[in-house]
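A quick write-up on the structure given underneath.
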Amino acid sequence: MRIATWNVNSIRSRVDRVEAWLHRSDVDVLAIQETKAREDQFPYQRFTDLGYEVAHHGLNQWNGVAILSRVGLDDIAIGFDGDPGFGDPVAPEARSIGATCGGVRIWSLYVPNGRALGDPHMDYKLAWLEQLRQRAGDWAADGTPLALCGDWNVAPQDEDVWSMEYFVDKTHVSPPERAAFNAFLDDGFVDVARPYTPGPGTYTYWDYQQLAFPKRRGMRIDFVLGSAGLTERVSGAAIDREERKGKGASDHAPVIVGLDGDDGAAAERVTT
DNA sequence: ATGGTCGCGCAGCGA
């Protein structure tokens, strides 16, 4: 079994690339973030035609999360939007969806962007992460393998950004954000891709601006955090940096995790 | 190539 997470930055503008990527990557479950689509705008048919079941949670043209699965898609749950304490400071946003796929509990998560240190959105981000952590403990309690997949908008280690000097007084690396992320690790969740994709320089996101990708100015902010029951089954992982290349790429690369002997290796890609 | 972002939706904001 092979799972993956990918912030696609609009499913409508990325559907051809996602479809082609699924074709060559042999992924059983894909957690998608930033679909930027309402329910009526999501291209369900394109993925059902490929043999995937689809669960999508989208409220507007921002954010939005989905899970594609060809190994079953059950017990779909929407996270947070309507819960006390989770009101976005500006507007309700679709940031989490969960489902059980092939016996693994998958969550697709789009952690709020704090925008700036001291901004109310940063308080919201930290509160959101803490609430997620509390729930994740509940979800993992029965021993079902749990994968928290998504764009965490946190670079937990110095090597996860291209320059710590650049990130002085910026978001994603601040102590409170790192503490919020590390609290998951303290609870026993494991960043399962990292041992197979050691840094430095193994990023998952590169800004569209300033030629960040060719200059290798990236960040590692997309993670699969596994419960103990998932982590013991992980047998490989990869970041498909090739997918960031070329016209029409998302600003994020997919992160692939293989289970039960699958090496998770990104598919060979014919480049031109 | 002596510059240099996308995507939303159609102005300007968010990432």
Side-chain angles (χ1 to χ4, degrees), chain A residues 5-21 31-43 46 56-66 81 86-96 108-126 128-129 149-156 160-163 166-174 176-178 180-181 203-223 240-255 271-272:
Chain A
T5 184
W6 191 6
N7 180 326
V8 300
N9 187 19
S10 169
I11 192 62
R12 284 175 288 165
S13 65
R14 213 70 62 212
V15 62
D16 289 347
R17 279 186 84 126
V18 174
E19 181 179 308
W21 185 81
I32 296 175
Q33 299 86 40
E34 282 206 82
T35 60
K36 295 187 174 180
R38 300 185 307 264
E39 295 311 320
D40 60 297
Q41 295 175 314
F42 194 93
R46 295 289 294 274
H56 175 239
H57 179 39
L59 298 172
N60 51 41
Q61 71 269 42
W62 301 288
N63 307 325
V65 284
D81 301 328
F86 274 86
D88 186 286
V90 176
E93 299 288 359
R95 298 190 176 276
S96 64
S108 181
L109 305 166
Y110 182 53
V111 175
N113 187 305
R115 299 195 182 183
L117 303 185
D119 189 293
H121 289 82
M122 180 60 74
D123 296 332
Y124 170 59
K125 174 182 189 174
L126 297 173
W128 194 96
L129 281 167
C149 306
D151 177 353
W152 290 74
N153 268 316
V154 178
D160 297 336
V161 295
W162 62 273
S163 163
Y166 177 83
F167 277 90
V168 170
D169 293 332
K170 290 190 169 60
T171 62
H172 294 69
V173 302
S174 72
E177 290 169 274
R178 287 181 166 179
F181 183 91
Y203 307 130
T204 64
Y205 162 84
W206 299 260
D207 199 297
Y208 284 126
Q209 301 182 60
Q210 306 297 119
L211 300 176
F213 182 66
K215 291 182 176 178
R216 299 185 176 268
R217 294 179 174 179
M219 309 169 69
R220 187 200 283 251
I221 56 175
D222 299 271
F223 300 100
D240 195 351
R241 189 179 183 282
E242 291 297 309
E243 191 51 49
R244 182 61 179 80
K245 296 181 178 178
K247 188 174 175 59
S250 171
D251 43 3
H252 293 252
V255 178
T271 54
T272 55

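Side-chain atoms are counted along with the backbone in the values below, which use heavy atoms only and exclude waters and symmetry mates. Residue numbering restarts at 1 for every chain, and letters A, B, ... go by the order of the sequence lines.
When rounded to the nearest whole Å, the span between CG of A:Leu211 and C1' of B:dT2 equals 12 Å. For the pair A:Asp207 CG and B:dA15 P, the interatomic distance rounds to 12 Å; values are reported in whole Å. Atom NZ in A:Lys245 sits about 21 Å away from atom P in B:dT5, given to the nearest Å. In this structure, the NZ atom of A:Lys36 is 15 Å from the P atom of B:dC13, given to the nearest Å. Between the CD atom of A:Gln61 and the C1' atom of B:dG7 there is a distance of 10 Å, rounded to whole Å. Atom CZ in A:Phe213 sits about 15 Å away from atom C1' in B:dC6, given to the nearest Å. For A:Lys170 and B:dA15, the NZ to P distance is 16 Å, given to the nearest whole Å. The distance from atom CG of A:Leu59 to atom C1' of B:dC8 is 16 Å, rounded to the nearest whole Å.
Separation of the C1' atoms belonging to B:dC8 and B:dG3 is 25 Å when rounded to the nearest angstrom. Comparing B:dT2 with B:dG7, their P atoms are spaced 23 Å from each other, to the whole Å. Rounded to a whole angstrom, the distance from the C1' atom of B:dC10 to that of B:dC6 is 16 Å. Taking atom P in both B:dG9 and B:dG4, one finds a spacing of 26 Å when rounded to whole Å.
For the pair A:Asp160/A:Phe167, no side-chain contact is recorded, criterion being any heavy-atom separation below 4.5 Å from C-beta on.
Note on A:Arg38: nothing from the nucleic acid sits closer than 4.0 angstrom, heavy atoms only.
The side chain of A:Gln41 lies closest to B:dG9, out of B:dA15, B:dG7, B:dG9.
Using modelled atom types, one side-chain atom of A:Trp152 and one backbone atom of A:Phe223 make a donor-acceptor pair closer than 3.5 Å.
Distances shown here put every side-chain N or O of A:Arg115 at or beyond 4.0 Å from the OP1 or OP2 atom of B:dC13. The side chain of A:Ser10 contributes no N or O atom lying less than 4.0 Å from OP1 or OP2 of B:dC6. Considering only side-chain N and O atoms, A:Arg12 lies nowhere under 4.0 angstrom from the phosphate OP1 or OP2 of B:dC6.
A residue-by-residue look at A:Ala249 and A:Asn113 shows that A:Ala249 has its nearest nucleotide of DNA chain B further toward the 5' end. With DNA chain B read from its 5' end, the first of the two nearest nucleotides for A:Tyr208 and A:Thr35 is the one closest to A:Tyr208.
Partner A:Asn7 forms a side-chain contact (heavy atoms from CB on, under 4.5 Å) with one of A:Asn153, A:Asp222, A:Thr35, A:Val65 and no other, that one being A:Asp222.
Cation-pi contact between A:Arg14 and A:Trp21: absent, since separation from the ring centre below 6.0 Å together with deviation from the ring axis within 45° is not met.
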Start with the C-alpha distance between A:Tyr203 and A:Arg244, add both sets of side-chain angles, then the distance that settles side chain to side chain contact (heavy atoms under 4.5 Å, CB included), and finish with yes or no.
CA-CA 11 Å; A:Tyr203 307 130; A:Arg244 182 61 179 80; over 6 Å; no
